[in-house]
Amino acid sequence: CSSDLKTLSPLPAMAAWVYGILWLSMQLSMAVSAAMARTYERLGRFIGQRPILMMVSVGMAFLACVPGLTKLKGDTDVLFLRINTNFLEQFALTSSRYMQDYDTSISLFPTVERPNVLIFSSQGGSILLADFLQEATDVEQHVMSKLSVSHEDAVYHFDDVCARPAIEAPCESLSVLTLLGDALSKFRASGNSTGALAQLVLEAVPPEWLPLLPLLLGSAASVPLSSEAKGATVGPWLANAQAVQSLFKLRPGSASRAFEEKVLEFLGSRSSTGRCHVAAFMEVSFGLECANLTIRALPLIGLTVMVMIGYALTFLAWETRLPRQTQALTVVCAAFIPAAASISSFGIFGYIGLPLNVLSILVPFLVLAVGIDAMFVMSTAAKEVGSEVGSVEAISKAVAHGGQAVTAASLTSVVAFLVAAATVSELPGLVSVNLSLALSLVLNWVGMLTVFPAMLALNERRIIAERMDLADRKSVV
């Protein structure tokens with residue numbers, strides 16, 4: 001029995017500690033809640049007395065962030081935003097050995113650019129066909145000889161934007177299309193055996209290019225190339241080649257990017273005969289795809305916004321504290337507060353030098369959902385005040401009660417996204433998305449605590465003045 005008593009003796013002390021901690025937590029919570037209620041009540045009283053001043057002040061603060069959009073760092077324009085579409089820089093672990101080597105290489109060779117690639121595939125057939133080689137060669141020659149782009153009051157061709165190892169050196173490009181075409185022409189005159197064609201290809205290709213053929217030609221057969229390669233061994237490999245690629249490098253700069261966009265535009269508009277399919281992999285390819293995808297999704301984005309506004313109108317248009325009155329115009333205008341918060345947060349990113357990425361497009365939609373929830377809370381708080389008190393007192397009490405709930409919900413989300421940003425600190429792209437979400441939610445919280453109550457106050461003034469709303473023909477006091 002004595003041993004059992006010794007075992008149980010620490011339990012009352014532990015219970016006392018737990019009770020003390022809980023009691024302190026409750027006292028702290030009550031103190032914070034009371035302080036927030038007093039602060040928000042004063043804020044609500046000020047808003048009820050000067051709603052226009054509050055809306056103008058917060059609106060000017062939001063507008064001050066908008067010029068930062070012009071300072072956003074990125075490589076592609078998506079609507080009015082400039083985003084970074086380089087997945088390697090945004091979504092690769094910064095501490096990985098690969099990224100460390102990549103960063104070291106870029107710092108040592110800042111002018112090195114990844115090559116642009118044009119891949120010509122024969123849709124399952126052999127590339128050693130005259131029609132295919134002619135069409136592929138025409139496309140390549142058009143890009144490198146005829147294509148031009150106007151940029152900043154100047155016209156640029158391939159020779160103007162291509163990378164060169166030295167000033168007078170030729171452009172850095174690598175292609176075997178012309179060599180294959182010449183070999184095929186000689187083959188038609190000399191015979192029709194695969195070995196003879198392969199031998200002609202070997203004779204046409206300079207010796208130093210032989211090791212590069214497996215890079216430039218795509219074949220399902222094994223690669224037999226060596227210094228002793230003969231036509232009989234190379235023939236089956238060439239016969240199975242179904243694609244050939246052309247490599248070229250462009251100098252860094254806006255003119256080169258404009259030329260890349262022109263190349264993609266030409267490839268998208270060309271009329272193919274079906275023999276030759278051309279795919280392009282360039283610096284701007286993915287970025288342009290993201291931009292085009294967003295632009296194509298604009299109708300769906302607009303529909304989503306309209307559905308959210310319709311949802312808010314359905315439940316909030318008649319949710320007023322004064323009987324038989326509406327607030328439809330207030331609800332519609334308040335739905336743009338989350339959008340303004342998101343745009344302002346992007347502007348702040350521009351000021352502080354943080355880039356956006358393709359996932360940042362999701363930010364306004366998530367903030368819109370949180371903003372509409374806040375509108376429900378604030379409207380319900382205003383309705384519960386009742387119609388017996390004046391407009392200023394009603395707004396004061398609504399902000400005092402509803403503001404605490406909006407603050408708690410917003411703070412929870414902000415902390416969650418900040419913790420997520422700290423957790424994925426080695427993935428810059430996810431850090432950017434989480435920080436933009438957290439900042440947008442903070443600005444949305446500011447708008448819902450200041451601008452939306454000001455709109456409610458103005459709506460009550462409209463009711464008193466017997467002016468029309470969107471949802472009624474005549475207001476009845």
Side-chain angles (χ1 to χ4, degrees), residues 74-77 85-86 88 106 109-122 127 130-185 204-206 208-209 212-213 215-218 241 243-273 275-292:
D75 50 36
T76 302
D77 291 320
T85 59
N86 190 325
L88 181 62
I106 293 299
F109 305 99
T111 59
V112 172
E113 290 289 303
R114 289 186 293 274
N116 298 289
V117 181
L118 296 179
I119 296 182
F120 306 89
S121 58
S122 59
I127 64 171
D131 293 339
F132 169 83
L133 290 176
Q134 184 63 51
E135 186 173 349
T137 303
D138 290 344
V139 172
E140 183 185 71
Q141 290 300 318
H142 184 87
V143 170
M144 297 186 178
S145 302
K146 301 178 181 179
L147 200 64
S148 63
V149 61
S150 299
H151 179 70
E152 296 181 352
D153 299 327
V155 178
Y156 294 89
H157 295 81
F158 177 76
D159 288 340
D160 302 318
V161 296
C162 69
R164 303 174 187 268
I167 297 178
E168 299 297 332
C171 295
E172 292 188 54
S173 61
L174 193 60
S175 173
V176 294
L177 282 174
T178 303
L179 298 177
L180 291 177
D182 294 342
L184 186 62
S185 299
V205 175
E208 63 272 17
W209 280 36
L212 298 176
L213 281 183
L215 172 66
L216 299 174
L217 300 177
V244 56
Q245 66 177 350
S246 175
L247 309 177
F248 58 92
K249 290 184 179 180
L250 302 180
R251 296 195 311 269
S254 58
S256 297
R257 295 190 59 81
F259 186 82
E260 289 178 358
E261 294 177 6
K262 192 68 175 180
V263 171
L264 295 177
E265 179 184 343
F266 160 68
L267 295 179
S269 62
R270 61 180 286 268
S271 56
S272 175
T273 60
R275 307 184 195 91
C276 177
H277 174 72
V278 186
F281 298 91
M282 302 185 181
E283 289 289 321
V284 299
S285 299
F286 184 77
L288 289 177
E289 283 296 321
C290 292
N292 293 333

Approximate separation, where rounding is to 0.5 Å, of [X] [atom1] and [Y] [atom2]:
X	Y	atom1	atom2	answer
Leu267	Leu118	CG	CG	6.0 Å
Cys162	Tyr156	SG	OH	13.5 Å
Arg164	Ser173	CZ	OG	10.0 Å
His151	Glu261	NE2	CD	9.0 Å
Lys262	Ser150	NZ	OG	7.5 Å
Phe259	Asp160	CZ	CG	9.0 Å

Worksheet item: Taking it one step at a time, do Cys171 and Phe248 satisfy side chain to side chain contact (heavy atoms under 4.5 Å, CB included)?
Response: CA-CA 8 Å; Cys171 295; Phe248 58 92; over 6 Å; no

Fill in: Least distance between heavy atoms, Ala258 atom then Val149 atom
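Reported closest heavy-atom pair: O-CG2, 3.8 Å.
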
Worksheet item: If you take all heavy atoms of Leu147 and His157, which pair is closest and at what distance?
Response: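 Scanning both residues completely, I find the closest heavy atoms to be O-CD2, 3.5 Å.
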
Could you pull out all donor-acceptor pairs under 3.5 Å where a side-chain atom in residues 136-145 meets a protein atom, sequence neighbours excluded?
| from | atom 1 | to | atom 2 | distance (Å) |
| --- | --- | --- | --- | --- |
| Thr137 | OG1 | Leu133 | O | 2.6 |
| Asp138 | OD1 | Gln134 | NE2 | 2.9 |
| Asp138 | OD2 | Gln134 | NE2 | 3.4 |
| Glu140 | OE1 | Ser175 | OG | 3.3 |
| Glu140 | OE2 | Ser175 | OG | 2.5 |
| Glu140 | OE2 | Ser246 | OG | 2.8 |
| Ser145 | OG | Gln141 | O | 3.3 |

